[in-house]
Amino acid sequence: MRKVIATIIKEWILLRRDVAGFMLLFLMPAILIVVMALIQDAPFKDYQNLRFDLLLADNDHGRLAAEITRGLKQSDNFHVIDSIDNQPLSDSALKQLLQQGNYRVGIVIPAGATAEMVNTANTVANKIAEKIGVGKLPAREARSNKYVRIYFDPVSRPTFRMSVNFALDKLITASCSNVLIDRMSKLSGDTASAPPTEDFRKMFSGIGIREEALNDKTKDTAHINSVQHNVPAWAIFGMFFIVIPLAGNMIRERDERSALRVQLIPNANSSVALGKIFFYTLVCMLQFALMLCIGLWLLPVFGLPALYLGLHPLALLPIVLCIGLSATSYGFFIGTLFKTATQAMPFGAISVVILSALGGIWIPTDIMPAAMQKLAMASPLYWGLDAVNDIILRDNKLSGSFLALSVLLAFSTLLWLVSLRINKTRAYSVQ
Amino acid sequence: MALALDIQGLYKMYKGGWSPALDGMDISVRENQLLGLLGPNGAGKSTTINILCGLVIPDKGTAKIFGKDCVSDTVTVRSVIGVVPQQIALFGQLTAWENFRYFGKLYGLSNTQITQRAGNLLKRLGLDAHADKRVGRYSGGMKRRANIIASLLHQPQMLILDEPTAGVDVQSRAMILDFLKEYNEQGKTIVYTSHLMEEAEQICDEVVIIDEGKFITKGAPKELINNTPGCKRLEDVFLHYTGHSVRD
C-alpha cells in the first residue's frame, strides 16, 4: 500500500507541474459545459418554454378567429402579431414577411370560417336531435371547406412545425367543441342559458390529461433541459479526456526510462499501475464534482436552470467511480498500446470525441436513428451517461443503474487485462 | 571466493535478428570484484545485462547471481542488484529528492532510510546542493550521478552499470570512477561496461572481452597487456582480439 500511496503522491506532483494537462482536465470541461449549456438552451427547450412571434391574418372576424387569437395570446409560446403599423395583416403582407425570414410562422384564418364552423355544429346537433326527437337548428346542406392556413419560414424544423400544428389544432377543436356544446344546450330545451352549457362543458372535461412525475408524485416531472443534459454529458466527456495526460505521462515515463527503473524494482510494477489508476480515477471524480458545482451554482447565474441531482444524489458517487475507472483504464490502454506520443495523443483525443458522439454526449441518443442508438451501446460514455441520467432525470436509486455499472466495470477490466498483456510482452532494455 | 555472477552457455537470438546476440557466453565474477565487460558495438554487453536483470529471457544457458537464477528467481535477483542503465532512468519533472523518495518507497524503504541513504550519496557524489532542483534541468554529469544514486538506495550487493560515464565531463567521470572504487572497497561486486579502455584499465580488477556474443578473453588489465604480444595499453589488447573493422 505504501508503494501505491507513493505513486499517488508522485503522480500528483507531476500533474501539478503539468499546467497544460491540469487545464485540460479541469478548465476545458468547465468552459465546455457553460458554452454548450448556453448554446443548447434553446433547442433543448423543445419549443415548450420559448416565445415565438406569430403572424396572424384574420379574414374571419368571427367567433372562431376570436377564440384562436385568444388561445394563442394566452399561450406562453406565442407572441401574436395581427397588425403592422396599426393596419391588420393581410394574406400577402403575412407571406411577404415570412419570405423575408423575419418571422417563422404565420396563420391565415379565412373569411367565413366561423360561419362554416357554426353550420357544421348545427348539422351535427341536428343529426343527434333527429334521433332523440327534439327540435332542429338552421343548417345549410351544402358545405364549403374552410382551412385555417399555416405558413412556415422554409428553414423551420419539422418538430417546430408539428408543435405549431398541434397547438392550432387544439384551439380549433376546442372552439368547435364550444360551439357544439352551445348547440346541444339550445336543443336540450334551455334557451341558451348559461347553467346547462356549463354542465356540458364539465362533461367534456371529465377526461383530461395530467402529467405526473414517475417517482415523487408531489414533484413536477423533471424535463430534460440543456443543463440536465450538458452538465453530466460534458463532465463525462472531460473525464475521458484523462486519456491525454495519462497516456502522455506513461509514454514520457517510458521515453525518459523512469518506467525501466520501475521494471527493475522487485514487485513494483503492479503497485505503480494501481497507484496511477487510483490517482487518475480520483482526478476524474474531482472533475465531475467540479462540473456538478458549475451546474448547481454557476449556470443559474447565466439565466439557466440549476442542475437537479435527483432524489438520490449520493448514488452518483459509485457511478462516477465506475465512469472514472473506465476513463482511466482507457487512458492506461492507450498509453500502453502506443509507443509514441505522436501516435497516442491524436488517437486518444479523436477516439474520445467519436465515443462521446456515439454515446449521446453531443445530442441525446433517443433522437438518433435506430441503428445509431444500438451502436451507441458500444461506447462506455453511453453507459456512464445513462447511469447518471437514471439518478438525475429518472429519480432512480443506484439499483436501477446495475446494468450500466456492470458494463463499465467489464469495460475497465477488459482494457486492464489487455494492457497488462501488452506491457508484459513489451521489450525493456537497459541500453 | 564464492561466485557473485555465474553465466554458462548463454544463447539469445532476437526475433528478426540475422545473428545471435549471445552465442554461448560464459562469464564468472567473484564476490567483491570490479569487473569490466568490454566489447565493440553489438558484442552482446547490453543483452547480457538485460538477461541478468530479468528483462530478456535467454533461449539457452543459465545466468545466476549469488546462486539465484536470473530467469526463474527474478524478484530475488532484482533485490540484490542495482542497475544503472545507459540512459537516465529518472523523472525529469521531479527533483532529485522527489525521485529518490519515490524509488526508495518502491524498494520498501522507510522515510528515515531514504533520507539517510540518499543524503549520504548526494553528498558523496556532489549533488547535495542541487537535490531540490528538477533532474530535467541537471547537466549531463549531474544526471549520471543522480542515476547512480537511484540505483543504490536499496544497498545492492552487486551493481551493474551500462556505460555510466558516457558523455560526461572529466570531473564528473573522475568522481564517478572514484565512487565506484570506493563502493567496491565496501565489499560490493561491480559489473560495468564501457567503451573507454583507459577508464577500464584504471579501475577494473579484471576485464572480460566479448565479441559477437562470445567470450573472448579475461584477466587483470595489466596481465592482459603483458600477455598479449605488441600491446602497451588495454585498447591495444581490445583491438588485438576484436579487430579493426567498424561495427554497426
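In what follows, every chain begins at residue 1, and chains take the letters A, B, ... in the order their sequences are listed.
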Open item on the list: Less than 4.0 angstrom from a charged side-chain N to a carboxylate O is my criterion; do Glu253(A) and Lys276(A) meet it?
Closed with: yes
Open item on the list: Using heavy-atom distances under 4.5 Å, tell me whether Glu256(A) contacts chain B through its side chain, its backbone, both, or neither.
Closed with: both
Open item on the list: Is Leu264(A) close to chain B through its backbone or its side chain, or both, or neither, when contacts mean heavy atoms under 4.5 Å?
Closed with: both
- [ ] Look at Gln87(B), Arg101(B), Glu163(B) and state which one has the largest set of heavy-atom pairs under 4.5 Å with chain A.
- [x] Gln87(B)
Open item on the list: Is Leu153(B) close to chain A through its backbone or its side chain, or both, or neither, when contacts mean heavy atoms under 4.5 Å?
Closed with: neither
- [ ] Give the minimum heavy-atom separation between Gly141(B) and Ser172(B), together with the two atoms involved.
- [x] CA-OG, 3.5 Å
Task: Contact winner vs chain A - Leu94(B), Ile160(B), Val83(B), Ile49(B), heavy-atom pairs under 4.5 Å - done: Leu94(B)
TODO: Please check if the distance between the ring centroids of Phe103(B) and Tyr107(B) is under 6.0 Å.
DONE: no
Open item on the list: Tell me whether Thr47(B) contacts the main-chain N or O of Gly44(B) through its side chain, where contact means a donor paired with an acceptor under 3.5 Å.
Closed with: no
TODO: Against chain A, label Asn99(B) side chain, backbone, both or neither, depending on which of its atoms sit under 4.5 Å from a heavy atom there.
DONE: neither
Open item on the list: Counting heavy-atom pairs closer than 4.5 Å to chain A, which one of Val75(B), Leu90(B), Asp162(B), Ile88(B) comes out on top?
Closed with: Leu90(B)
- [ ] Take the angle between the ring planes of Phe22(A) and Phe26(A) and call it parallel below 30°, perpendicular above 60°, tilted in between.
- [x] tilted
Task: Residue Thr74(B) versus chain A: region with a heavy atom under 4.5 Å - done: neither
TODO: State whether the side chain of Asn147(B) and the backbone N or O of Ala89(B) hold a donor-acceptor pair below 3.5 Å, judged by distance alone.
DONE: yes
